[in-house]
Structure formats: C-alpha cells, structure tokens
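What follows is a short report on a single structure.
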Amino acid sequence: MTSSPAARSAASGAGKPGAKPGTPAPAALLAWYDRHRRRLPWRAEPGRQADPYHVFLSEIMLQQTTVKAVGPYFTGFLARWPTVSHLAAAPLEEVLSAWAGLGYYARARNLHACAQAVVARHGGRFPDDEAALLALPGIGPYTAAAIASIAFDLKASPVDGNIERVVSRLYRVAEPLPGAKPRIKALAAALTPAQRLGDFAQAMMDLGATICTPRSPACSLCPWMEPCAARAAGDAALYPVKAPKGEKPKREGAAFLAVRADGAVLLRTRPDKGLLAKMTEVPSTPWGPKPEAPEAHAPLKARWRALPGAVEHVFTHFALTLKVLRADLHATAPAPEGHRWVTPDRFDAEALPSLMRKVLAHGGIE
DNA sequence: TACACGTGGTG
DNA sequence: TCACCAAGTGT
C-alpha cells in the first residue's frame, strides 16, 4: 500500500498537480524538517524569528567547524557579549582569548571587525539585505545568504558543504568540486521556494548533516528519496565528486619552554599577519622543511635541554613536528624584549592556540 | 584560480 | 593509522 507509486509520490510531495515526477518538492523537505529539525542553541523555536546576532555569531563559528565544537563557544560568547554592540566594544585581545582553541583565528578578528562595522554603518542592527551583509568583514557569499534567509526570511540560497552534497546527489552532478560550485549554486537556487526561506535553508543543512551524510547516507529515511538521481543509481556515496588533493608537506622546528622557579612560562604574541596571527605562542625557531639549529633562535641565554619526544600538530596545509627545549630559570629572571612571563593560572586570559597548549603540556606545564 | 588558514572527530 | 571531514573567507 504505502509502496505504491501514488503513495510514494504523495509522501515526497511530488504528486501535486503541476509537479513533475522526480522534481524535489520543497514541501516534502519542510514537512520532514518540521518533524526532525535539530534543536540548536542559536536556533529560534519553531515559528519564531531568530535573533540576527545569534545567527551571525553561530554562522561565523560554524565555518568549517562542527556543531559540537561550536556549542560551548557560542554559549560563552553570548553570555559575555550579549549584543553586537557589546562585542564591538570589547578589546580584540579578549575576543581572541575567548576564541582560542576554535581555530581559523582570522574569523575572530573579522568577527570583531564586523561587529564594529555593524555599529558604525548600521547603528548596531544587522542589515536585512544580502548585499549589505556581504559587504561586512568576514561575511562571504555563504554567510550573507545564511543570515538573510535564517534571520530575515529573505529569498537567498546559502550553499555550504551540506547543501553541496545534497544537491550534487539529487542531480548526480558529475563535474568535480570546486569547479561544480556555480552549477550547484544555480541548482540550489532553482530549488528554493518563495516561503519559509530560513526553514528551507536550515532543512537543507539538517538533511545533509543527519541523512545525506558523506560516507553512508541514510537514503531510506530521506524525504527526497524518490526524486534523487544518485539514490536511483545507487551511488549516492560517490557524490559530490572532488578534485584529488595534493600531499601535505611536513615542517619541523623547536620550541623554547623557559620556566621560572615560580612556575611562570615565557610567552610572546605572534605577528599581526599569517598563521596564528596575534595569538600567544611559546617562542620557537622558524618552522621549515628541515630543522634549524635552535641556538640562534633562543629567546634568552640559558641551559636548554631537549625533552624526550616531540609535539605533533596537523594544520590544514602542513604537518608540524616541534621538539621542545626546556630551561629552568630563577624567579627573578627578566623577560626579554617582546616577551612576558605568564603563570599557568593566567593561561585562560591568553589567546593560546591548541598547538601551544600541546607544547606546554609536553613540558609538564598545567 | 589556488592557496592560506586550525582543530577535533571519525571510519 | 590516517585521510577525510565540519554551516567558508580573504587574498
């Protein structure tokens, strides 16, 4: 009975008069979303309008970052800076230290700049206009469309990794990413309904995150099973097609862990630009293909001893092996120019990336 | 267009 | 173990 063509058609929402068989119907996805939507800290209750600042904050944090990782950061930021005006008034150093551990630190710098721009250009209210959103720092095509649709219910088609996957499977897009992005964007825009824009965008993302997953999609549970070309072909897991990736280079270096008798560690702030810009670091040699002789790079004269083992850390575009050299100094040792002594109880006020936490832990600090 | 830019989880 | 992946943007 329920497996009859008519029943399947009706269940997919594709059986309405005028709808071609095999056309993914927004109504079917929205009906699924109404039953299975995820409850997330930044989401409004069903039928309620989301706070644009909450949407903005979550969207920036969620760029290339898992929902699980974002959760506590979102809650913490919102408690500390309840509105975009509060965030704009905060010192950048505090924003960076609150962001520490979440990665992609340019996001935090742009988040802060964006908050200030919202105050300066728009009186502290996010513009309900995709083009104006796109003009703000840190907000690209995806995030502008996401805020426009989710916070303001405007007609916009955000395309993130989830939606790329869903659409590439629906239409069995053979062209590899990233070349296929324009086509996928156009297909996604053509799917977008005229009503419930925010729900539709979030439904697409929830579908990608919970049903249309990268490895083993749960096609049998999908509201768009019937119109999906990849499901029909039985090869959904092969999409999206991606261009092959190059090999990840290796870099090596040595970190100087200077520890004072009172437990303070010698730290400094990284340069304004480049990797981990403006974040706190343990002084180190440059990181290169070959390890350099460390002596010339030591921040101060001391008896440096190599600790056993090394710290391994994988960045997006290279893998790093850091030896750790430790020196113990008396409690009155002065900090060299550009450096500072920081006791472990003050680490939370520092913008310490995970790599530097690893270096400290390798030396038995904390 | 292609690369720089973090981190933690997973099959 | 390790390659891949997660609500991308800036240059």
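No experiment lies behind these values; they were computed from the predicted model shown. Note on naming: letters A, B, ... go to the chains in the order of the sequence lines (proteins, then strands), and numbering restarts at 1 for each one.
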Atom-pair distance (CH2 on A:Trp287; P on B:dC5), nearest Å: 10 Å

Residue that, paired with A:Thr269, satisfies side-chain contact (heavy atoms from CB on, under 4.5 Å) out of A:Arg340, A:His339, A:Met279: A:Arg340

Quick one: are A:Tyr171 and A:Leu191 in side-chain contact, heavy atoms under 4.5 Å? yes

Identify, between A:Gly103 and A:Ser216, the residue whose nearest nucleotide on DNA chain B lies closer to the 5' end. A:Gly103

How close or far is atom P of B:dA4 from atom NZ of A:Lys273, stated in whole angstroms? 17 Å

For the pair A:His36 and A:Trp32, name the ring-plane relationship: parallel under 30°, tilted 30 to 60°, perpendicular over 60°. tilted

So A:Val314, base contact, sugar-phosphate only, or nothing? Heavy-atom distance under 4.0 Å. base

Does any donor atom in the side chain of A:Arg37 or A:Gln202 lie under 3.5 Å from an acceptor atom in the other side chain? no

Atom-to-atom span, CG of A:Leu96 to P of B:dG6 - whole angstrom: 11 Å

For A:His313 and B:dT7, is the shortest distance between a side-chain N/O and OP1 or OP2 below 4.0 Å? yes

For nucleotides B:dG11 and C:dA7, find the distance between their P atoms and express it as a whole number of Å. 15 Å

Gap in Å between the two P atoms, one belonging to C:dT9 and one to B:dG8, rounded: 23 Å

Would you mind classifying the nucleic acid contact of A:Leu355 as base, sugar-phosphate or nothing, using non-hydrogen atoms under 4.0 angstrom? sugar-phosphate

What is the distance, rounded to the nearest whole Å, between atom CG of A:Leu320 and atom P of B:dA4? 15 Å

For A:Trp99 and B:dT7, give me the distance from atom CH2 to atom P, rounded to whole Å. 13 Å

What does nucleotides 1-11 of chain C look like as a protein-contact string, B for base, S for sugar-phosphate only, - for none, at under 4.0 angstrom between heavy atoms? ---BSBBBSS-

Return the orientation label for the A:Phe74 and A:His54 ring planes: parallel under 30°, perpendicular over 60°, tilted otherwise. perpendicular

Minimal non-hydrogen separation, A:Trp224 against A:Pro227, with atom names: O-CD, 3.1 Å

How would you label the contact of A:Pro158 with the nucleic acid (heavy atoms, under 4.0 Å): base, sugar-phosphate, or nothing? nothing

A:Leu177 CG to B:dT1 C1', in whole Å, measures 15 Å

Would you kindly give the CZ-to-P distance between A:Arg357 and B:dT7, to the nearest whole Å? 11 Å

Stepwise, does the salt bridge (Lys or Arg N to Asp or Glu O under 4.0 Å) test hold for A:Asp206 with A:Arg35? CA-CA 12 Å; A:Asp206 277 18; A:Arg35 285 182 59 84; over 6 Å; no

Quick one: is A:His317 getting a side-chain N or O under 4.0 Å of the B:dC3 phosphate, OP1 or OP2? no

Taking atom C1' of B:dG6 as reference, at what distance in whole Å does atom CG of A:Leu102 sit? 9 Å

Euclidean distance for P, C:dA6 against B:dC5 (whole angstrom): 22 Å

